[in-house]
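Below is one structure, written out as structure tokens; comments come after it.
Everything numeric here is computed off the predicted structure, so don't read it as measured data. As a basis for the values below, the full set of heavy atoms in this structure was taken, side chains included, without hydrogen atoms, waters or symmetry mates.
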Amino acid sequence: MDDPQRLWTKMGAFLRDIPATLGRRPKAILVISAHWLEATPTVHAGAHPGLLFDYYNFPAETYRLTWPAPGAPALAARVGELLDAAGFQPASETERGWDHGVFVPFKMIWPDADVPVVQLSLQKNLDPATHLAIGRALAPLRHEDVLIVGSGMSYHNLRNFFSGRGNEEAAAFDTWLDETLSAPAAERTRRLIAWEAAPGAIASHPEAEHLLPLHVVAGAAGEEAARRTFHDNILGKAISAFQFG
């Protein structure tokens with residue numbers, strides 16, 4: 001979309017620079033998107049997913065976007081095996097397209113759509129401890145050249161985003177996130193489980209789905225601390241991204 005106010009310029013530059021920061025090209029990508037919730041962790045196992053335009057009242061050109069990245073059925077099966085071994089009851093499906101939590105950022109990160117992708121759902125229960133445990137189960141993938149990406153947003157209160165309200169709460173929660181993700185693993189886990197008690201938490205996330213992809217990634221990180229790799233202030237709201245490893 002056009003961005004006459006240049007609200008998203010810094011974020012766009014950050015996304016485009018991600019491949020250069022990784023050190024090497026991953027074999028495949030596992031994405032946990034805020035926009036897919038199921039009763040049990042569900043893996044997209046399709047070989048050639050389409051796009052799911054799961055947004056409304058946007059300009060016509062946003063419904064003509066393409067991003068034909070291949071799926072990775074073998075990786076999808078591996079994700080299911082790891083989750084099953086950890087006591088989850090994973091499901092798989094092949095018909096759902098990439099939602100905009102996948103294709104919008106990745107059109108900028110890998111515009112050539114030439115890295116295989118698998119998408120994993122969140123659980124509808126939105127339980128933070130459960131999503132940390134999902135991440136722990138998936139940790140071996142990090143040693144199999146798979147990049148694990150949590151696609152959500154560090155601030156997601158659309159009612160307040162364009163209103164000017166909630167700026168102080170957003171800043172407080174952003175500071176808490178930075179402190180939490182750079183803390184030792186045990187402390188990080190304790191704080192992420194109790195995230196709703198953090199300063200500005202509910203004002204920044206009235207619902208948890210845009211935060212919980214971070215829990216999955218943090219669970220997969222093991223003992224590694226995160227570093228903040230992006231920070232901006234958009235319409236008065238503090239927005240950050242974090243990287244482990």
Practice task
Given side-chain contact (heavy atoms from CB on, under 4.5 Å), test Trp8 with Met1 step by step and report yes or no.
Solution key: CA-CA 10 Å; Trp8 309 102; Met1 292 172 55; over 6 Å; no
Handout entry: Electrostatic pair Arg96-Glu38, nearest N-O below 4.0 angstrom
Key = no
Handout entry: Crowding at NZ, Lys10 (>12 non-hydrogen neighbours, <6.0 Å)
Key = no
Problem - Geometric class of the Phe173/His205 ring pair [parallel <30°, tilted 30-60°, perpendicular >60°] - result: perpendicular
Exercise for the section: Take His156 and Glu209, measure what side-chain contact (heavy atoms from CB on, under 4.5 Å) needs, and give me the verdict at the end. Expected result: CA-CA 9 Å; His156 197 264; Glu209 78 284 341; 4.1 Å; yes
Practice task
For Glu168, look at atom CD and say whether over 12 heavy atoms of other residues, nucleotides or ligands are found less than 6.0 Å away.
Solution key: no
Fill in the blank from the handout: d(His44 NE2, Glu95 CD) to nearest 0.5 Å is 7.5 Å
Problem - Sole residue of Asn167, Asp174, Asn157 in side chain to side chain donor-acceptor pair (under 3.5 Å) with Lys237 - result: Asn167
Exercise for the section: Would you indicate whether Glu207, at its atom CD, is surrounded by more than 12 heavy atoms from other residues, nucleotides or ligands within a distance under 6.0 Å? Expected result: no
Completion exercise
The salt bridge (Lys or Arg N to Asp or Glu O under 4.0 Å) partners of Asp112 (sequence neighbours excluded) come to none
Practice task
Begin from the C-alpha positions of Phe230 and Ile239 and carry the test side-chain contact (heavy atoms from CB on, under 4.5 Å) through to its verdict.
Solution key: CA-CA 8 Å; Phe230 171 77; Ile239 305 289; 4.2 Å; yes
Practice task
Could you tell me whether the side chains of His215 and His131 share a donor-acceptor contact shorter than 3.5 Å?
Solution key: no
Handout entry: Val104 vs Trp67 side-chain heavy atoms within contact, under 4.5 Å
Key = no
Handout entry: Heavy-atom side-chain contact between Gln243 and Arg228 under 4.5 Å
Key = no
Exercise for the section: Taking all heavy atoms of Pro70 and all of Pro49, pick out the closest pair and write down the distance. Expected result: C-CD, 4.5 Å
Handout entry: Leu122 side, atom CG; Ser33 side, atom OG - distance, nearest 0.5 Å
Key = 7.5 Å
Exercise for the section: Decide if atom CD of Glu61 counts as having more than 12 heavy atoms of other residues, nucleotides or ligands within a radius under 6.0 Å. Expected result: yes
Practice task
Verify, without hydrogens or angle tests, whether Tyr63 (side chain) and Tyr55 (backbone) share a donor-acceptor contact under 3.5 angstrom.
Solution key: yes
Exercise for the section: Go through the steps to decide whether Val102 and Asp99 satisfy the test side-chain contact (heavy atoms from CB on, under 4.5 Å), and finish with yes or no. Expected result: CA-CA 6 Å; Val102 179; Asp99 61 53; 4.0 Å; yes
Problem - Leu141 vs Leu75 side-chain heavy atoms within contact, under 4.5 Å - result: yes
Practice task
Measure the CE-OG distance between Met153 and Ser204 for me, rounded to the nearest 0.5 Å.
Solution key: 11.5 Å
